[in-house]
Structure formats: structure tokens, C-alpha cells
S.K.: 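Attaching a single structure in C-alpha cells format; questions to follow.
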Amino acid sequence: MTGPSGTTQVAFVGLGNMGTPMAGHLIAAGFTVRGYDVSEEARGRLAEAGGTAVDSLAAAVVGADVVILMLPDSTVVEQVMGDEALLAALRDDVVVVDMSSSEPLRTRALAETLAKRSVVLVDAPVSGGVARARTGTLTIMAGGDTADVDRVAPVLAPLGEVTHVGDIGAGHALKALNNLMSATHLLSTLAAVETGARFGIDPEVMLSVVNHSSGQSASSLNKLPKFVLTETYDSGFALRLMLKDMRIAVGLAQALGCPDPLGEDAVGLWAEAAAALPQQADHTEIARWVKARNLSTIEPGAER
Ligand code: NAD
């Protein structure tokens, strides 16, 4: 596979909060990028960034060396990869890279289905959020055969640091487990800060001490100071997507015979928050639910 100075062509499907800045980095690195999203507005963003926006999946993937998917979940990934026009347009030596946070067991099954059509699948989900998608410093967890991961590594390099974590699906498993840990400590940190505040401890003082103590985490170091205490709640990662990832992780634990009761309780609490908050709520808005959970509803006027 040729590098940025050659003629490597990348198809990018899913140009949302993450996909748009990621596609922008590929364009800046010199790759030819053709992109598709069901949203016309999203396609417009790719065109503005210097890519070629097209209006069908088949038109995006025709001639592509690598197809990158950055879609909401496994259901959408399966729909896209089941599109006959797309399959017919794929080159024989193409590698499809699913960078969405998908379900590892469904990824394994999809890889088997695609192999029957001679299509190679690699999973390469990411951590770091919109902020690190913008700076091209994502943590990328790749699953698949070593030769396949090596083939796509030059295309992924402008997006962040790639670690080959195991066979197909291993990236998706690790990503879901990471987000279950992240969501659990976010909720735990918010509850602790709420208790501290009710006792009279300033949340900023509390966080500055915790961040030099053993309770620190990405939640205390990053999410509370940037998105919660500022009340901006604009991390760019939807609460419904976080809940999806948590469910994948606890489902995987159950499937593998090592159920995670703390994780299951965390899923229950996040599901309650999802039911109480607006459909499009950012995941950091769980802070509003933590504050309001003694009330019957989130306070009027807080809807967006
Ligand atoms: P998003 O909802 O902003 O973007 C998803 C895009 O996919 C949308 O633009 C949507 O129009 C498009 N889409 C949906 N169905 C489609 C289809 N059939 N064909 C083409 N396009 C379609 O989501 P996001 O925040 O960019 O997240 C994408 C993936 O990355 C998710 O799996 C998410 O869990 C994961 N992720 C997100 C973050 C984050 O901070 N936002 C961080 C790490 C991982």
C-alpha cells in the first residue's frame, strides 16, 4: 500500500463529530479522501475540508485502497457492509477498517462474512474524544491479522498512535472495556464531588486535591474541569453512545463467563440518566442528573 506521497485513496464513511476531523487529518497528510454520510450537512463539511463528498456508499469506495468506517454502532456498520452496491464497487485488495466503537463478537462474525467475499476487515476504535481527533493524537486500538494491521498503519498514522492489541474484534473489546471504566469513574467522581459540595467543600478545591491523590482519573483531571464545572457539557461524545459502549462491555463479560456486577449497576444508573435527559445529551450531562436525582425530573428549562 502506497503512502501519502503515492496515490493511496481512502474512503471515509461516517463524517460526524469524530469522522469529520479524522478525515481532515487524512486530507492534510496527502491522502485522496472520498467520503459519504447520510447527512448532507456532514458531506458538506468534508467538501469544505478539501475532500470529495459523494452521495452513495458505492461512489465513496470505488477505487479505494482503504475504507474507514466511523459510524454509530455495529448495526449501522453491518448495514453499510451489507450494501450490495458497495460490495460490488470494492477493489479486490481493499482493507476495511472499522474505527467505530462496535461490538467485538459481531465484528468477528462480520469479518467471517466479509472474508467469503474476499474483503479483509480490521477493527481500530479510538479513545481521546473530539479534542484528540482534532489534534490527530487519538489512541487507536487495532485488532486483526498482523499483516493487515501493518498494511493500514500508514493510513492510520496521521490520526494518532496505533497499538495492535490482538485478533479481529480485540480493539472493539478493549474500547468497550475502557469506556465502562471511564463511565464508572465519571459517575463515582460526580457523586463524590456532590457529597463534598453538600458538606461545604468547593468542587474546584476538591478536584485540585484529588488530582494529586489516589482518587484521580481522566474524569477528575479532564472531564469535570472542562465540561462539568464550566457547565458547557460539550465534550462531543453523546450519552447514548457511552451507554451503548457500557452495554457492550458488560455483555461481553457475561458472554465470557465473568459477569461484572459493578459494571451492571453502572449501566443501570446510566440508563436511568439517559431516560431522564434529552435524547441528544452529551455524556458529561450525567452531572446534571446526579445533581437532580433527588428530584422527580430534570429541572424545567434544562432541556436542549
Ligand atoms: P456521530 O453521531 O457524531 O457520527 C456518526 C455519523 O454517522 C453521523 O454523521 C451519521 O449521519 C452517520 N451515519 C449514520 N448512519 C449512516 C449510514 N448508514 N451511512 C453513512 N453514514 C451514517 O458519532 P461520533 O461521536 O462521531 O462517533 C462515531 C463512533 O465513534 C461511535 O461508534 C462512537 O461510539 C465512537 N467514539 C466517539 C467518540 C466521541 O468523543 N464522540 C470518542 C471515541 C469513539
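Whatever order the structure lists them in is the order used to number ligands and atoms, beginning at 1. Since this is a predicted model, take the numbers as computed values, not measurements.
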S.K.: Specify the protein heavy atom at minimum distance from atom 25 (O) of ligand 1: its residue, its atom name, and the distance to 0.1 Å.
M.R.: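 Protein heavy atom with the smallest distance to atom 25 (O) of ligand 1: Asn17 CB, 3.7 Å.
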S.K.: Is there a heavy atom of Gly236 sitting under 4.0 angstrom from any atom of ligand 1?
M.R.: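 In this structure, Gly236 qualifies as a contact of ligand 1 - some heavy atom is under 4.0 Å.
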S.K.: Could you measure the distance from the CG atom of Leu159 to the CE atom of Met99? Nearest 0.5 Å is fine.
M.R.: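 Reported to 0.5 Å precision, the distance equals 5.0 Å.
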S.K.: In the protein, what heavy atom is nearest to atom 40 (O) of ligand 1, and what distance, to one decimal place, separates them?
M.R.: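 In this structure, atom 40 (O) of ligand 1 has Phe237 CB, 3.2 Å as its nearest protein heavy atom.
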S.K.: Measuring from atom 15 (N) of ligand 1, which candidate in Asp73, Thr20, Leu57, Val76 has the nearest non-hydrogen atom?
M.R.: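 Going through Asp73, Thr20, Leu57, Val76 one by one, Val76 has the nearest heavy atom to atom 15 (N) of ligand 1.
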S.K.: In ligand 1, which numbered atoms sit nearer than 4.0 Å to a non-hydrogen atom of Val126?
M.R.: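 Taking each heavy atom of Val126 in turn, ligand 1 has 43 (C), 44 (C) under 4.0 Å.
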S.K.: So which protein heavy atom does atom 36 (N) of ligand 1 come closest to, and at what separation?
M.R.: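 Answer for atom 36 (N) of ligand 1: Ser101 OG, 3.9 Å.
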S.K.: Against heavy atoms of Ser100, which atoms of ligand 1 measure under 4.0 Å?
M.R.: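 Under 4.0 Å from Ser100, ligand 1 has these atoms: 32 (O).
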S.K.: Does Gln254 have more than 12 heavy atoms from other residues, nucleotides or ligands lying within 6.0 Å of its CD?
M.R.: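 For Gln254, atom CD is crowded (more than 12 foreign heavy atoms under 6.0 Å).
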S.K.: In the protein, which heavy atom is nearest to atom 31 (C) of ligand 1, and how far is it?
M.R.: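 Here the closest protein heavy atom is Leu71 O, 3.3 Å.
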S.K.: Using a strict cut-off of 4.0 Å, indicate which atoms of ligand 1 neighbour a heavy atom of Tyr36.
M.R.: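 Per the distance check, 19 (N), 20 (C).
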S.K.: With rounding to the nearest 0.5 Å, note down the distance linking CD in Glu41 to CG in Leu46.
M.R.: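 Between atom CD of Glu41 and atom CG of Leu46 there are 13.5 Å.
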S.K.: Where the side chain of Asp37 meets the backbone of Leu15, is there a donor-acceptor pair that is under 3.5 Å apart?
M.R.: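 Yes; judged by distance alone, with no hydrogens or angles, the pair exists.
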S.K.: Nearest heavy atom to atom 7 (O) of ligand 1 wins, so pick from Pro72, Ser74, Ala176, Ala133.
M.R.: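 Considering heavy atoms of Pro72, Ser74, Ala176, Ala133, the nearest to atom 7 (O) of ligand 1 sits in Pro72.
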S.K.: Is there a donor-acceptor pair under 3.5 Å between the side chain of Thr189 and the backbone N or O of Ser219?
M.R.: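 A pair under 3.5 Å: no.
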S.K.: Using heavy-atom distances, let me know which of Val130, Asp83, Asp37 sits nearest atom 9 (O) of ligand 1.
M.R.: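 Nearest option to atom 9 (O) of ligand 1, by heavy atoms: Asp37.
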S.K.: Could you identify the single nearest non-hydrogen protein atom to atom 34 (O) of ligand 1 and state the distance to 0.1 Å?
M.R.: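 Scanning the protein heavy atoms, the shortest distance from atom 34 (O) of ligand 1 goes to Lys244 NZ, 2.9 Å.
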S.K.: With respect to Glu103, which candidate in Asp73, Ile248, Val77 satisfies the side-chain contact (heavy atoms from CB on, under 4.5 Å) definition?
M.R.: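 One option only clears the test, and that one is Ile248.
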S.K.: Test of understanding: given a 4.0 Å heavy-atom threshold, classify the contact between Met99 and ligand 1 as side chain, backbone, both, or neither.
M.R.: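 No part of Met99 comes within reach of ligand 1.
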S.K.: Return the CD to CG distance between Gln279 and Leu239, rounded to the nearest 0.5 Å.
M.R.: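 Here the rounded value is 10.0 Å.
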S.K.: Taking the side chain as C-beta and beyond, is there a heavy-atom pair between Leu187 and Trp289 under 4.5 Å?
M.R.: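 Yes - at least one pair of side-chain heavy atoms lies under 4.5 Å apart.
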S.K.: Any chance the side chains of Lys223 and Ser182 put a donor and an acceptor closer than 3.5 Å?
M.R.: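 Side chains of Lys223 and Ser182: pair found under 3.5 Å.
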S.K.: Using distance alone, determine whether Val80 and ligand 1 share an N or O pair under 3.5 Å.
M.R.: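 In fact, backbone or side chain, Val80 has no N or O that close.
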S.K.: Can you report which non-hydrogen protein atom sits closest to atom 17 (C) of ligand 1, along with the distance?
M.R.: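 It is Val38 CG1, 3.6 Å.
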S.K.: Going by the rule salt bridge (Lys or Arg N to Asp or Glu O under 4.0 Å), which residues pair with Arg91 if we only count those two or more places apart in sequence or in a different chain?
M.R.: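 With sequence neighbours excluded, Arg91 shows a salt bridge (Lys or Arg N to Asp or Glu O under 4.0 Å) to Asp65, Asp93, given in chain and number order.
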S.K.: Listed by chain and number, what are the side chain to side chain contact (heavy atoms under 4.5 Å, CB included) partners of Thr137, not counting sequence neighbours?
M.R.: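 Thr137 satisfies side chain to side chain contact (heavy atoms under 4.5 Å, CB included) with Arg132, Thr135 only.
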S.K.: Starting from atom 23 (O) of ligand 1, locate the nearest protein heavy atom and write down its residue, its atom name and how far away it is, to 0.1 Å.
M.R.: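 Protein heavy atom at minimum distance: Leu241 CD1, 3.8 Å.
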S.K.: List the closest protein heavy-atom neighbour of atom 30 (O) of ligand 1: residue, atom name, distance to the nearest 0.1 Å.
M.R.: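 Atom 30 (O) of ligand 1 sits closest to the protein heavy atom Met70 CE, 3.1 Å.
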